[in-house]
Engineer: 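Have a look at this one before I ask anything.
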Number of protein chains: 2
Amino acid sequence: MGLKIGELAQATGTKVETVRYYERIGLLPEAERTSGNYRSYTPAHLDQLNFIRHARRLGFDIADIRSLLDLADQPERDCAEVDRIASGHLQAVEDKIARLVLLQEELNRMIGQCRGGRVGNCRIIETLADHSLCRSDHAGG
Amino acid sequence: MGLKIGELAQATGTKVETVRYYERIGLLPEAERTSGNYRSYTPAHLDQLNFIRHARRLGFDIADIRSLLDLADQPERDCAEVDRIASGHLQAVEDKIARLVLLQEELNRMIGQCRGGRVGNCRIIETLADHSLCRSDHAGG
DNA sequence: CTTGACCCTGTAGCCGCTACAGGGTGCATA
DNA sequence: TATGCACCCTGTAGCGGCTACAGGGTCAAG
Ligand SMILES: [Zn+2]
Ligand SMILES: [Zn+2]
Ligand SMILES: [Zn+2]
Ligand SMILES: [Zn+2]
């Protein structure tokens with residue numbers, strides 16, 4: 001017979017609750033049940049969960065993973081859509097990095113201007129109170 | 001009299017609902033009410049909300065902002081704690097950047113290996129299915 | 001026959017908002 | 001005076017991606 005949920009979880013580095021969550025949202029297909037109502041997983045479940053977890057570790061969101069699983073199920077299709085999803089995600093990652101680097105620079109500047117002493121004279125507090133002391137926009141998003 | 005919530009929101013680039021949310025969680029002090037039960041904000045509220053929004057735009061979480069507001073209220077104190085909070089946040093930002101750069105590299109590799117064609121031969125799908133095709137750990141966290 | 005590790009369902013919480021629904025207020029205009 | 005409209009009020013639920021219970025059932029070992 002198949003894997004119990006705990007075995008599947010362990011084999012994929014997932015928490016048991018997360019496996020159940022994936023089933024609940026329809027990301028992982030429902031497993032057969034044993035006579036005692038335990039879920040019983042197949043190697044196909046194992047593969048799919050590994051795919052999901054790997055994609056998650058690469059930062060794909062669940063909607064993207066749904067699409068990717070769907071595509072992976074149609075091997076005859078052109079992979080342009082796969083490429084589009086991956087490239088879109090890469091772009092999002094790059095945007096995030098760019099925003100974080102702006103924050104990093106601004107925080108470095110702020111912290112570098114603090115010479116110790118009292119809060120009343122602290123450049124960090126002053127800068128937080130007044131964005132015009134910032135160099136970059138570190139905008140919103 | 002003071003500012004209405006919509007005016008305060010506009011003046012600080014905040015949504016009205018967000019202002020009420022900050023009040024609800026105790027981040028922004030409660031405003032006086034007019035006879036018609038409208039909130040009426042003072043310049044002190046304006047300053048504090050600007051501080052909060054700026055800190056948020058710099059990525060500080062609400063717990064940190066609470067501490068920073070608390071410290072800003074005690075100008076005689078040593079600013080070491082301020083420094084500690086800001087440096088801790090900077091460190092978190094740098095960790096995030098490092099993780100995202102790993103993802104970026106791995107995604108770039110994946111995408112670069114796709115030569116078009118069918119999903120059944122797509123390197124992106126293959127890599128998602130098998131982490132051993134990855135170069136880095138792009139770990140968890 | 002009991003212990004203890006595992007499994008089940010269902011629900012609520014995390015963060016930082018955002019988005020209603022369903023009502024009240026206040027001012028301008030007809 | 002009535003009507004319209006922009007704004008305000010409270011309360012609650014939803015987002016994503018889990019995580020953490022509570023309160024019960026199952027199963028193998030000793
Ligand atoms: Zn300082
Ligand atoms: Zn700034
Ligand atoms: Zn491809
Ligand atoms: Zn990998």
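Proteins come first, then strands; the chains are lettered A, B, ... in the order of their sequence lines, and each starts at number 1. From a predicted model like this one, the values you see are computed outputs, not experimental measurements.
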Engineer: Going 5' to 3' on DNA chain C, which nucleotide is the first and which the last to come under 4.0 Å of a heavy atom in chain B?
Structural biologist: C:dG16 to C:dG26

Engineer: Pair B:Val16, B:Val19 - check side-chain contact (heavy atoms from CB on, under 4.5 Å), show working.
Structural biologist: CA-CA 5 Å; B:Val16 166; B:Val19 177; 5.7 Å; no

Engineer: Near DNA chain D, counting only heavy atoms under 4.0 Å, which residues of residues 12-21 of chain A show up?
Structural biologist: A:Lys15, A:Glu17, A:Thr18, A:Tyr21

Engineer: Does A:Val119 offer a backbone N or O that forms a donor-acceptor pair with the side chain of B:Gln74 under 3.5 Å?
Structural biologist: no

Engineer: Using 4.0 Å as the upper bound for N to carboxylate O, is an ion pair formed by A:Arg20 and A:Glu17?
Structural biologist: no

Engineer: With sequence neighbours left out, which residue pairs that include part of residues 112-124 of chain A fulfil the side chain to side chain donor-acceptor pair (under 3.5 Å) condition?
Structural biologist: A:Gln113-A:Arg123, A:Arg118-B:Glu76, A:Arg123-A:Glu126

Engineer: Hey, is B:Arg39 close enough to B:Glu23 for a salt bridge, meaning N to O under 4.0 Å?
Structural biologist: yes

Engineer: Show the atom names and distances, to 0.1 Å, of all donor-acceptor pairs under 3.5 Å that link a side chain in residues 64-72 of chain A to residues at least two apart or in another chain.
Structural biologist:
residue	atom	partner	partner atom	Å
A:Arg66	NH1	A:Ile25	O	2.9
A:Arg66	NH2	A:Ile25	O	3.1
A:Ser67	OG	A:Ala63	O	3.2

Engineer: Does the B:His45 side chain pair with the main chain of B:Pro29, one donor and one acceptor, at a distance under 3.5 Å?
Structural biologist: yes

Engineer: Quick one: list whatever passes salt bridge (charged side-chain N to carboxylate O under 4.0 Å, His left out) with B:Glu30, sequence neighbours left out.
Structural biologist: none

Engineer: What are the residues of residues 37-49 of chain A, sorted by number, that bring a heavy atom to within less than 4.0 Å of DNA chain C?
Structural biologist: A:Asn37, A:Tyr38, A:Arg39

Engineer: CZ of A:Arg99 to CD1 of B:Ile97: how many Å apart, nearest 0.5 Å?
Structural biologist: 11.5 Å

